[in-house]
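Below: one structure, written as structure tokens.
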Amino acid sequence: MSAAHEPFDELVAGHVLGALEGDDARRFAAHRAGGCAECERAIGEYHEALARAAAAFREAPPARVRHALLQRVGEAPTRRSRAGQALGWVASVALAASIAAVVSASWVRARYEVRLDQLASEAAGLRAALAQQVQTVSDLRRQLDEQEKTLTLVKAQAAAQERTLALLGDPETRLVSLAGLAPHPQAQGRIIWNARAGGLLVAADLPPPPAGKIYELWAIAGGKPLPAGLFTVDAEGKGSLAVAPLPGVATVDVFAVTLEPAEGVQSPTGAMYLASKKA
Amino acid sequence: MVSPGVDLIRRMAGGDHEALAAFYDLYAPLAFGLLRRMLRDVEEAAEVLQEVFWELWRAAGEYDPRRGSPEAWVTVRARSRGIDRVRSVRRREEMLVAPLSETAAVPEAMANPGALVEEREMVRGFLRELPAEQREAIALAYLQGMTQSEISAHLGLPLGTVKTRMRLGMERLRGMAGSRT
């Protein structure tokens with residue numbers, strides 16, 4: 001053994017016994033990776049020496065181990081075909097290697113391509129199903145929104161009707177008729193009025209207001225017109241307006257409707273379309 | 001000397017179950033004895049033994065007779081799997097009262113008269129050609145899976161001394177083996 005190799009003689013012994021660690025283990029691995037015939041020979045001979053030494057321990061194992069091993073081997077899938085065995089060991093290994101090189105690539109590809117295709121189509125199916133679900137959910141949400149709007153409207157209508165009923169049940173409530181005036185004599189209106197609770201105006205046969213214009217209701221008390229709300233009419237000339245109570249006004253003498261600029265005004269400026277008779 | 005095992009391994013590589021059975025009958029006592037010395041517990045040793053021969057069966061195609069005898073092929077793998085198990089057992093037992101090294105280490109066993117007599121005889125048979133201090137260093141590494149620094153701490157010896165004893169013991173063992181064959 002050369003003097004230059006001497007440090008490694010110690011490492012080889014430690015390596016074979018599995019007792020190297022840290023820097024020693026790294027140093028020996030690096031040395032061995034460089035290819036050292038002397039070390040490889042020593043490793044082989046040390047292993048042989050330890051195998052001979054271990055023979056001192058020879059002991060028959062429990063019979064069940066053999067049975068379990070052979071059963072396990074029997075159940076495992078066979079690795080080589082019978083034809084491969086008949087060719088003899090060397091030939092079969094060489095053949096297996098060359099066949100494996102050619103076959104395994106295409107076999108693996110074919111097998112996995114099928115599987116991948118399957119997965120891809122499954123994924124596409126799932127995506128479609130998911131899109132469908134999302135569509136359904138968004139449809140449902142839209143329906144829900146619409147129903148909510150309807151519900152709000154219905155509630156508002158119900159509240160208005162309830163107010164109307166309450167208004168009608170009140171002995172102080174008056175029903176006032178409004179008559180069409182010169183611009184559109186066939187127009188007519190009714191107002192249910194309660195000084196404390198307010199009231200409701202319904203109008204019919206009014207011409208739809210031109211662009212930029214709106215109808216405005218006035219409550220005239222003590223000769224002074226007070227703005228009581230804005231309203232428009234549909235294509236049939238029908239319109240309605242909930243009127244809030246007018247603070248400090250016990251008695252309204254006249255209700256009147258004029259055509260005003262769309263944003264409404266504080267005192268009437270336009271033509272009068274409807275008016276009640278003085279109470 | 002051509003071992004009968006070489007032919008059996010070739011047949012095993014070809015998928016021959018009968019060859020495996022014959023190979024097992026020939027080499028299982030060698031592997032099992034070694035595992036028993038490493039693991040003490042028969043159940044543990046039997047479990048690892050089955051694993052070792054399963055691996056040998058699967059690896060039969062990679063066996064190269066130019067690189068070692070069937071005996072070395074078997075013992076290297078048995079020792080390797082055995083040490084894996086020794087270390088996992090030790091980790092498990094470190095949480096218990098008596099660490100494995102106290103009940104199983106060679107020096108304590110030998111220093112304890114009246115107990116583990118059989119054990120002592122076994123260990124004496126193993127590497128009996130070597131001086132006691134070289135045998136001790138090799139046995140602690142090979143059978144107990146201790147590293148050189150663990151052996152140094154365990155025996156209260158300088159690390160360099162442990163390394164030297166291992167090396168001298170292994171070289172002597174190799175020389176004897178060479179002269180014997």
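- Considering CZ of A:Arg52 and CD of B:Glu71, their distance stands at 8.5 Å, rounded to 0.5 Å.
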Going through the distances and angles, do B:Leu143 and A:Phe57 end up as a side chain to side chain contact (heavy atoms under 4.5 Å, CB included)? CA-CA 11 Å; B:Leu143 301 178; A:Phe57 299 134; 3.9 Å; yes
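- Side-chain contact between A:Pro62 and B:Phe32: present, with at least one pair of heavy atoms (C-beta onward) separated by less than 4.5 Å.
- A cation-pi contact links B:Arg174 to A:Tyr46, judged by a cut-off of 6.0 Å to the six-membered ring centre and 45° from its axis.
- Note that CE of B:Met170 is 10.5 Å distant from CD1 of A:Ile43, once rounded to the nearest 0.5 Å.
- Once rounded to the nearest 0.5 Å, the distance linking NE2 of A:His47 with CZ of B:Arg67 reads 9.5 Å.
- We find that B:Glu43 and A:Arg64 are joined by a salt bridge, their nearest charged nitrogen and carboxylate oxygen being less than 4.0 Å apart.
- Contact of the B:Leu20 side chain with the A:Leu69 side chain is registered, since non-hydrogen atoms from C-beta on lie closer than 4.5 Å.
- Using non-hydrogen atoms only and a strict 4.5 Å limit, the part of residues 13-31 of chain A facing chain B consists of A:Ala13, A:Gly14, A:Val16, A:Leu17, A:Gly18, A:Ala19, A:Leu20, A:Glu21, A:Asp24.
- Within the structure, the side chain to side chain donor-acceptor pair (under 3.5 Å) test picks out the following pairs touching residues 47-56 of chain B (sequence neighbours left out): A:Arg72-B:Gln50, A:Arg72-B:Glu51, B:Glu47-B:Arg85, B:Glu55-B:Arg77, B:Glu55-B:Arg81.
- Highest contact tally toward chain A, considering only B:Gly145, B:Ser149, B:Pro29, B:Ala141, is held by B:Pro29 [criterion: heavy-atom pairs under 4.5 Å].
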Could you walk me through whether A:Val65 and B:Tyr24 pass side chain to side chain contact (heavy atoms under 4.5 Å, CB included), step by step? CA-CA 10 Å; A:Val65 179; B:Tyr24 177 88; 3.4 Å; yes
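- Listed options B:Ala45, B:Ala31, B:Ala72 were ranked by heavy-atom pairs under 4.5 angstrom with chain A; first place goes to B:Ala72.
- Neither the backbone nor the side chain of B:Ser80 comes within contact range of chain A; no heavy atom of the residue lies under 4.5 Å from a heavy atom of that chain.
- Between B:Arg37 and A:Glu59 a salt bridge is recorded (basic side-chain N to carboxylate O distance below 4.0 Å).
- Within residues 134-152 of chain A, no residue has any heavy atom less than 4.5 Å from a heavy atom of chain B.
- Using a 4.5 Å cut-off between heavy atoms, A:Ala55 touches chain B through backbone and side chain atoms alike.
- Side-chain contact between A:Arg58 and B:Leu34 is absent, with no heavy atoms from C-beta onward closer than 4.5 Å.
- For the options A:Gly44, A:Pro61, A:Ala51, heavy-atom pairs under 4.5 Å to chain B are most numerous at A:Pro61.
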Worked check of side chain to side chain contact (heavy atoms under 4.5 Å, CB included) between A:Glu10 and B:Thr164: CA-CA 7 Å; A:Glu10 199 166 81; B:Thr164 304; 3.9 Å; yes
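- Between B:Arg167 atom CZ and A:Leu11 atom CG the span is 10.0 Å, to the nearest 0.5 Å.
- The side-chain hydrogen bond (donor to acceptor under 3.5 Å, both in side chains) check on B:Asp41 picks up nothing, with sequence neighbours excluded.
- Dense packing is recorded around CD of A:Gln157, with more than 12 heavy atoms of other residues, nucleotides or ligands lying under 6.0 Å away.
- Of the two parts of B:Thr75, only the side chain, counted from C-beta on, holds a non-hydrogen atom closer than 4.5 Å to a non-hydrogen atom of chain A.
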